[in-house]
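Presented below is the structure to which this report refers.
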Number of protein chains: 2
Amino acid sequence: MAIQVSTLARHPGVRTEEQISQLKHQWSVYQRENSLKTTAQRELIVDVFLRGSSADTHVSIDELLALVRARNARVGYATVYRTVKHLLDAGLAASRQFGDGQTRYEVAGSESRHHDHLICQKCRLILEFEEPEIERLQDTVATRLGGFKVMQHKLELYGLCPKEQGVSGGQCPGDDAQKPEPRVARR
Amino acid sequence: MAIQVSTLARHPGVRTEEQISQLKHQWSVYQRENSLKTTAQRELIVDVFLRGSSADTHVSIDELLALVRARNARVGYATVYRTVKHLLDAGLAASRQFGDGQTRYEVAGSESRHHDHLICQKCRLILEFEEPEIERLQDTVATRLGGFKVMQHKLELYGLCPKEQGVSGGQCPGDDAQKPEPRVARR
DNA sequence: CTAGATGCAAAAGTTTTGCAAAGCC
DNA sequence: GGCTTTGCAAAACTTTTGCATCTAG
């Protein structure tokens with residue numbers, strides 16, 4: 001019996017045009033409020049990030065830069081870092097650390113419902129899921145803590161995906177681990 | 001009405017001698033299994049880590065080294081990193097990233113019950129709490145995911161501690177942020 | 001004696017910053 | 001024109017590694 005993984009992940013990367021333009025509107029509001037100028041690089045980075053193809057949910061800065069450079073080679077690291085910082089500030093991006101040493105970013109914003117993550121400890125596959133119950137849990141704890149005001153949470157489940165269970169040397173979606181290329185520009 | 005924070009934190013640092021020796025036993029088993037030699041430095045690091053005073057739950061490598069050097073100045077970074085790696089491997093330490101850029105470590109092991117964290121976004125105070133409900137939640141998701149085997153979870157709640165709420169420029173336990181000293185030895 | 005451990009310094013990897021040049025408004 | 005942004009390189013910071021030396025077993 002095949003296990004339907006795809007129904008669990010929130011159709012990553014399948015963002016409708018409508019959602020994209022909603023997110024872009026949120027971005028332009030932020031731009032105006034902070035008197036940010038509109039530059040080709042920044043717009044490109046934002047566009048690439050918000051559209052994120054299904055393979056590129058949870059991008060690292062490196063990956064994002066690579067995607068951006070595919071469309072415009074003359075973009076520097078610093079610009080990506082600075083732009084992502086703006087996206088975080090605008091609430092359009094959220095950062096996550098899954099323990100692989102890199103900070104990863106995913107699309108947030110009013111359009112996206114909150115979700116949590118399940119990470120395969122063997123193959124590093126990352127799945128998303130929604131669990132409304134946890135909001136209730138959060139409130140329970142908040143109440144017990146009395147004075148605390150809980151703003152957000154991060155829940156990560158770590159375990160083994162179907163392909164890894166029992167298989168000692170089995171392969172896995174993320175297992176064909178081509179050593180990450182040395183970063184695009186290193187000194 | 002004062003809020004009883006202390007009852008929520010699992011009495012951090014108040015580990016009984018019995019617990020300590022239980023942990024040390026676990027360590028010595030690991031040592032034997034992996035033919036690790038007993039050296040003064042390593043024993044010291046392990047001791048300092050496992051005893052961790054109430055202020056020193058969730059230590060960073062830097063903090064741990066500082067504590068260790070207070071007792072023996074001739075210990076290097078590398079040794080601390082290598083020893084902590086052993087502790088992780090032995091299941092006596094667990095690593096956490098709370099978004100302040102440093103990896104932090106806390107005591108794990110059979111003695112300690114699982115717990116989760118609440119982090120004040122303003123003052124970086126870290127509290128621990130237990131919430132049995134979440135194990136059930138974990139199972140719910142595992143069931144829904146069908147083929148997944150969930151091994152562990154991390155739940156982090158981010159919010160504002162009592163002292164920070166409503167106070168725009170208010171101070172906070174962790175707010176007297178003396179800029180972190182430049183690391184102990186830098187080139 | 002020998003395998004493992006240490007300390008140092010260098011290297012590696014990620015993120016930030018200073019600055020001159022270029023671009024937006 | 002003035003203020004923001006960019007790209008580059010250098011700096012800052014965390015973690016790992018190579019190696020000569022030392023030490024527990």
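Residue numbering restarts at 1 for every chain, and letters A, B, ... go by the order of the sequence lines.
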Any ion pair linking Glu43(B) and Lys37(B) (charged N to carboxylate O, less than 4.0 Å)? no
Side-chain atoms of Thr79(B) come closest, of dG7(D), dC8(C), dT6(C), to dT6(C)
Distance col, row Lys85(A):NZ vs Leu87(A):CG, nearest 0.5 angstrom, shows 12.0 Å
Between dA5(C) and Arg42(B), is there an OP1 or OP2 to side-chain N/O distance shorter than 4.0 Å? yes
Short side-chain N/O contact from Tyr81(A) to OP1 or OP2 of dT16(C), under 4.0 Å: no
What integer distance in Å separates Gln31(A):CD from dC3(D):P? 20 Å
Integer-rounded Å distance: dC24(C) C1' and Arg32(A) CZ: 16 Å
Spacing between Ile45(A) atom CD1 and dG7(D) atom C1', to the nearest angstrom: 12 Å
Starting at CD1 of Ile61(B) and ending at P of dG13(C), how long is that distance when rounded to a whole Å? 19 Å
Contacts of type ring pair (Phe, Tyr, Trp, His ring centres under 6.0 Å), residue His58(A), not counting sequence neighbours: Phe98(A), His117(A)
Roughly how many Å is it from OH in Tyr77(A) to P in dT17(C), rounded to a whole number? 18 Å
Pair Glu130(A), His115(A): side-chain N/O donor-acceptor within cut-off below 3.5 Å: no
N/O-N/O pairs, protein side and nucleotides 21-25 of chain D side, under 3.5 Å:
unit_1, atom_1, unit_2, atom_2, d
dA24(D), N3, Lys37(B), NZ, 3.1

Phosphate OP1/OP2 of dT16(C) contacted by Lys85(A) side-chain N/O (<4.0 Å): yes
Does dG7(D) have OP1 or OP2 sitting under 4.0 Å from an N or O in the side chain of Gln41(A)? yes
If I compare all heavy atoms of Cys161(A) with all of Cys120(A), which pair ends up nearest, and what's the gap? N-SG, 3.5 Å
Please report the distance, rounded to the nearest Å, between CD in Glu43(A) and P in dC24(C). 11 Å
Can Arg51(A) and Glu17(A) be counted as an ion pair, charged N to O under 4.0 angstrom? yes
Whole angstrom is fine here: how far is it from CG in Leu44(A) over to C1' in dG23(C)? 16 Å
Could you tell me the separation between the CG atom of Leu65(B) and the P atom of dT15(D), rounded to a whole number of Å? 12 Å
On a plain distance test, is the side chain of Arg82(B) in donor-acceptor contact with the base of dG7(C) below 3.5 Å? yes
Just checking Thr103(B): base, sugar-phosphate only, or nothing, at a heavy-atom cut-off of under 4.0 Å? sugar-phosphate
Mind checking side chain to side chain contact (heavy atoms under 4.5 Å, CB included) for Arg136(B) and listing every partner two or more places apart, or none if nothing turns up? Glu133(B)
